[in-house]
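Scroll down for the structure; my scribbles are underneath it.
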Amino acid sequence: QVQLVESGGGLVQAGGSLRLSCAASGRTLSRSDMAWFRQAPGKEREFVAAISWSSGSTYYTNSVKGRFTISRDNAARTVYLQMNSLKPEDTAVYYCAAGAPYSRVSYYHSSSYDSWGQGTQVTVSS
């Protein structure tokens with residue numbers, strides 16, 4: 001497994017921006033599909049965004065399309081989530097996830113990923 005550490009969360013007003021980072025250690029991320037999930041209080045963990053290791057293709061849940069951007073820097077072993085035009089409903093703990101190397105994941109399903117970070121809190125005030 002790979003160890004993942006998220007950072008960049010915080011408190012921001014509606015309409016503001018944050019950039020989350022997910023730093024990896026233990027193995028390279030260059031051959032792993034990567035994703036961000038989030039979990040709001042009282043709700044199940046939900047898919048936010050993913051990026052393919054092989055094609056670089058990106059995938060987003062509908063509620064964040066056009067506002068969030070996932071990217072990766074394989075040399076830095078880091079995955080990012082740029083979040084713009086934040087809304088109060090984006091408030092959640094955000095988790096980074098990595099798929100097993102060379103494996104094909106079902107991007108939207110948390111069970112597809114074998115490594116998770118501890119999460120970072122994002123709070124958007126109205």
Side-chain angles (χ1 to χ4, degrees):
Q1 288 188 341
V2 61
Q3 290 74 47
L4 303 173
V5 178
E6 302 96 334
S7 61
L11 174 64
V12 63
Q13 289 188 331
S17 298
L18 285 173
R19 188 174 84 153
L20 304 184
S21 298
C22 172
S25 61
R27 74 167 191 245
T28 179
L29 295 181
S30 62
R31 298 294 183 262
S32 293
D33 292 329
M34 299 296 299
W36 288 93
F37 285 74
R38 66 186 179 186
Q39 188 167 18
K43 295 187 177 182
E44 293 186 353
R45 190 170 298 189
E46 66 169 354
F47 171 81
V48 176
I51 185 166
S52 166
W53 72 266
S54 58
S55 66
S57 296
T58 56
Y59 307 87
Y60 300 93
T61 191
N62 285 339
S63 62
V64 308
K65 285 181 181 177
R67 299 189 298 123
F68 290 11
T69 302
I70 187 171
S71 62
R72 63 194 301 160
D73 183 337
N74 289 333
R77 297 189 177 189
T78 303
V79 176
Y80 304 97
L81 186 67
Q82 178 67 43
M83 306 187 295
N84 298 328
S85 303
L86 283 161
K87 304 176 181 180
E89 51 264 43
D90 295 318
T91 295
V93 177
Y94 284 70
Y95 297 91
C96 176
Y102 299 100
S103 68
R104 175 176 294 181
V105 304
S106 176
Y107 295 108
Y108 305 95
H109 296 98
S110 59
S111 59
S112 293
Y113 301 89
D114 71 344
S115 299
W116 291 83
Q118 83 290 346
T120 185
Q121 176 70 46
V122 172
T123 303
V124 185
S125 63
S126 58

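One-based numbering along the sequence shown. The figures that follow rest on heavy atoms only: side chains count, while hydrogens, waters and symmetry mates do not.
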- Task: Show the numbers, then the answer: is there a side-chain contact (heavy atoms from CB on, under 4.5 Å) between F47 and Y59?
- Result: CA-CA 10 Å; F47 171 81; Y59 307 87; 4.1 Å; yes
- Message: Give me the atom names and distance for the closest heavy-atom approach of S21 to T78.
- Response: CB-CG2, 4.2 Å
- Do you reckon I70 sits in the same ILVMFWY cluster as Y95, going by side-chain contacts under 4.5 Å, direct or chained? no
- Query: Which pair of non-hydrogen atoms, one from S52 and one from Y107, has the smallest distance, and what is that distance?
  - Reply: CB-OH, 3.4 Å
- Note on the structure: In V64, V124, T123, the residue satisfying side-chain contact (heavy atoms from CB on, under 4.5 Å) with L86 is V124
- Message: I need the Q39 CD to S110 OG distance, nearest 0.5 Å.
- Response: 9.5 Å
- Measure across Q3 and G26 and return the closest heavy-atom pair with its distance rounded to 0.1 Å. OE1-CA, 3.6 Å
- Note on the structure: Distance col, row R72:CZ vs T58:OG1, nearest 0.5 angstrom, shows 11.5 Å
- Query: Of the non-hydrogen atoms in S63 and R38, which two are nearest, and what is the gap between them?
  - Reply: OG-NH2, 3.4 Å
- Message: Please say yes or no: joined through hydrophobic side-chain contacts below 4.5 Å, possibly via intermediate residues, are F68 and Y80 part of one cluster?
- Response: no
- Query: From C22 SG over to R77 CZ, what is the distance, rounded to the nearest 0.5 angstrom?
  - Reply: 12.5 Å
- Item | Test applied, side-chain contact (heavy atoms from CB on, under 4.5 Å); reference residue, V79; option that passes from N74, L29, L20, D73 | L29
- Give a yes or no on whether the backbone of C96 and the side-chain of E6 come within a donor-acceptor separation of less than 3.5 Å. yes
- Message: Looking at T28, is its backbone amide N or carbonyl O close enough to the side chain of S30 to form a donor-acceptor pair, meaning the two atoms are under 3.5 Å apart?
- Response: no
- Nearest heavy-atom contact between N84 and S17 is OD1-OG, 2.9 Å
- Task: Would you give the length of the straight line joining atom OG of S32 to atom CG of L4, rounded to the nearest 0.5 angstrom?
- Result: 9.0 Å
- Message: Looking at every non-hydrogen atom in both residues, tell me the closest pair between L81 and A49 and how far apart they are.
- Response: CD1-CB, 4.1 Å
- What distance do R67 atom CZ and Y60 atom OH have between them, rounded to the nearest 0.5 Å? 12.0 Å
- Item | Inter-residue atom distance M34.CE - S71.OG, 0.5 Å rounding | 11.5 Å
- Same cluster or not: are M83 and I51 linked, directly or through other Ile, Leu, Val, Met, Phe, Trp or Tyr residues, by side-chain heavy atoms under 4.5 angstrom apart? yes
- Query: Is the NZ or CZ atom of R45 both under 6.0 Å from the centre of the six-membered ring of F37 and within 45° of that ring's axis?
  - Reply: no
- Item | V12-Y94 co-clustered via ILVMFWY side chain contacts under 4.5 Å | yes
- Is there a path from Y108 to V105 through hydrophobic residues (I, L, V, M, F, W, Y) whose side chains come within less than 4.5 Å of each other? yes
